[in-house]
Amino acid sequence: MADSAHSTTADTHETGGTRRDFLVIAGNALLGIGAACTAWPLVSSMNPARDVIAAGAPIDVDLSSLKPGQQILVLWRSRPIFIVNRTPAELKKLQEPNDTGLLRDPQSEVEQQPPYAQNWHRSIKPEYLVLVGICTHLGCIPEFTPEPGGTLGPGWPGGYFCPCHGSKYDLSGRVFTGVPAPYNLPVPPHRFVNETTVRIGENPPNVAWEFGSIVQI
Amino acid sequence: MAVSQNKLVQWIEYRLPVFSFLDHELNEYPTPKNLNYWWNFGSLAGIMLTIMILTGIFLAMNYDPNVGDAFQSVERIMREVNYGWLIRYIHMNGASFFFIVVYIHLFRGLYYGSYKAPRELLWMLGVVIVLLMMMTAFMGYVLPWGQMSFWGATVITNLFSAFPVVGKDIVTWLWGGFAVSNPTLNRFYSLHYLLPFVILGVVGLHMMALHQHGSNNPLGIDRKGPQDSVPFHPYYTYKDMFGLSVFLVVFAIFVFYFPNVLGDPQNYIPANPLHTPPEIVPEWYLLPFYAILRAIPNKLLGVCALFASIFILFIVPWLDTSKVRSAYFRPIYKWVFWLLVIDAFALGAVGAHRPEGFWIYIGRIGTFYYFFHFLVLMPLIGWFERPLPLPPSISEAVLKKKQKRGGEGALTGVAATRSKP
Amino acid sequence: MRPHLAMPALLIGAVIAVAALAQPAQLARAQAAEEGAPALPDVSWSFEGPFGTFDRAALQRGFQIYSQVCSTCHSMNLLTYDDLAGPDGLGYTEAEVKAIAAQKQVPTINKEGQPAMRPALPSDHFVPPFPNEKAAGAGFGGTAPPDLSDIIKARDGHERYVYGILTGFREPPKGFHVPSGRYYNLYFPGHVIAMPPPLQDNVVTYSDGTKATLDQEAHDVVTFLTWASDPTMEQRKQTGAKVILFLLAMTGVLYGAKRRVWSDVEH
């Protein structure tokens, strides 16, 4: 049309710009938005599906046959969960300054547990410990090694030993200094439905705590 | 046009000349200025291929290629996976729309003589793509492992048993068992994932061949100079994007409101090797070929006709003897072309119906005419037909058309065209 | 025809042609099986049309019919109990769904590793009436009653067909032989069906006080089955409306952009 004096594309781009560009820019913008919106369902489809989330619903574990000093292992959301019934002697040892002095985070200050487990025994009831059994170093499963001494040396107070890179934790999952693991073992949300049944994956009533806020699993 | 002054762009360009490549193939690439909307379907086909590959990759993340799990895993995608229903419906309807687009693209090539010298290889590569698409679509249809998946696979693989001597061995080899079974499903899945990337490769060659001599155009005459062409970008990029947008509206109506209309309800019944459904029908895009297969009352000849109906397209550039490309200037061939289109639809209808009564005759007449068109009409009409006089150049034809329409500003036509360095 | 209309017209034409071609593929079966079959009953549904949604009360009544009547023979293997919960489901709360699931028993292994039964959880699939396909077929002359999860999607005629079957039991016409243990159904291909009439007036008592007529029951259970076949329908239609509106706007703008770009070229 009237623009015929400009005879190259470049010219039109630069000088004829203001006139035609609103529609062109809007068109480009809509194409961009459309492409981005199209990407969303694809990306979203890789998140856990409904059935996967449903399979991660809380589970109930009966503790009536778990004797003091024993551990059972259950699976919740495809993760190993340790449940230990600790003996009074073991509980006493958790509070001894000789041992707690060797811990990296004895007061459980890093958010590796729900608020109701931020105490010296890292649990609701002192004897029953519930942990996600995944080393905070690189994701191996630490071994339950409750007997003091043994192959881990005379100073070993009893706890968890990770076979992959030698990380050590005490019997409430607190990590020792001088090992590669940086944090205490995580405590999942849990509550007691009755005296001997623990429900893993659900907070006690009136507590709102997100499992996802744990610093390192 | 010089590549950007941006230092990073220049650094990359010096080592990997992608920017000058894009500039050359988009900004400088001269395209006839008179392309009509039928020319949109090439880029649309490319976009459909991209959509199919993308959605397919995400479907594959949740699909189980095992006869015990395949059906459930597809239903799980529809019911449990976030937006799984959307991805699956896009992929499922996308197959149909891919074929719609490619068939229109193919018939456009036939009408405007886009297969003629020097674009014979361009055309043949296109036929290779159609062939690969059919194989991919067929194997993809097997994956949900519904009744039509299973029995469609059984019927189509059994076609090969028609070949003498080696037929049975080929079929067993295709199956990897004594019937369509788990090994068959596994290999179909593997190939269904592979073939689209082979198609992508052939599309690359198709584009190379296209850019060698540039697009044909509705007049079918060569570009004589810069006044006949415009750079691909921005002219055809925006025209293609507009066309894409229209296309997506139609596509979205099907995906969101009629997602199962183009499919067969029987495929929502899990495959049952002990029970054949009352009617086995292929997907609509294969119906004309299915009709040709059934039109011939001899198994081997039917299979041969089926393959011939596709392979005949390879030699179309040499069957057409006309000196003129575009049917626009071919008063007789123009009508014969539309007869072929009608024939294709008729064959499609025949493929959808039981071979009974008058459908048998329609099928035979349609099949005969299909081959008659290519083998007899195409060479003959080229010889005796007197084409209309061709315009001297694209720009003059465009100008004349504009004047005839009482067009505005007729004189600016030549002046406004781009003079490319 | 103006050139910018050519493209939409072309596409829509091609798609209609294809849809027309695809439909006979399905209809051929019905026609071939049954020349002169009566037209399926045409009743209205809450889920029809581009803005249709599922009537939640009808869904809950339909689920009641399924649980009390259909589920004695028909499985629904693709559904889980928690599909019933929430606004995308039947509108039940999670506690209600938990109670519904807990009424059923599913196989498990106990502490000693022996087969045992436990109450179903919301994440479990609908418990089938028979332990396996063979057992399902045994009572019915070898052919198991079809799974109902996808039944609406899996039949020509869809909801109208299933509604037709449920309401289509009649006395056979004079001279029409129905073998013993089989029933005459107006809409079933060939008219001879193995399923005894499952519904009749007051086969259930609705908890919401709705009068349980045969038509009402059939309508409710078909609504439920349609939801079961296509639980994402509402999400699909709502998303579709937004997507199409966006695309129409984009089409308009791109048409303008295209005209702008081409405004200085004769073409």
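Below, read A as the first sequence line, B as the second, and so on, with proteins coming before strands; counting in each chain starts at 1. What you see is a predicted model, and the numbers here were worked out from it, not measured in a lab.
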Exercise for the section: Find out whether D51(A) and T80(C) are in side-chain contact, i.e. whether some heavy atom of one side chain is under 4.5 Å from a heavy atom of the other. Expected result: no
Do other residues, nucleotides or ligands put more than 12 heavy atoms under 6.0 Å from the [atom1] atom of [X]?
{"X": "I109(C)", "atom1": "CD1", "value": "no"}
{"X": "K98(C)", "atom1": "NZ", "value": "no"}
{"X": "Q68(C)", "atom1": "CD", "value": "yes"}
{"X": "M117(C)", "atom1": "CE", "value": "yes"}
{"X": "E195(A)", "atom1": "CD", "value": "no"}
{"X": "Y183(A)", "atom1": "OH", "value": "no"}

Exercise for the section: Under 4.5 Å heavy-atom distance to chain C, tell me which part of A26(A) shows up: side chain, backbone, both or neither. Expected result: both
Exercise for the section: Could you tell me which portion of I53(A) (side chain, backbone, both or neither) has an atom closer than 4.5 angstrom to a non-hydrogen atom of chain C? Expected result: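 Answer is neither: I53(A) stays 4.5 Å or more from chain C.
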Handout entry: Evaluation steps, side-chain contact (heavy atoms from CB on, under 4.5 Å), between L31(A) and L254(C)
Key = CA-CA 9 Å; L31(A) 281 168; L254(C) 284 172; 4.1 Å; yes
Exercise for the section: Give a yes or no on whether a salt bridge exists between R260(C) and D21(A), defined as a side-chain N under 4.0 angstrom from a carboxylate O. Expected result: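 No, this pair does not count.
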Exercise for the section: Please report the closest heavy-atom contact between I33(A) and F246(C), naming both atoms and the distance. Expected result: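 So the two residues come closest at CG2-CE1, 4.0 Å.
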Fill in the blank from the handout: In terms of heavy-atom contacts, A257(C) and L23(A) come closest through CB-O, 3.7 Å
Problem - Interchain contact, D83(C) with chain A, by part (heavy-atom threshold 4.5 Å) - result: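 Contact with chain A is through both the backbone and side chain of D83(C).
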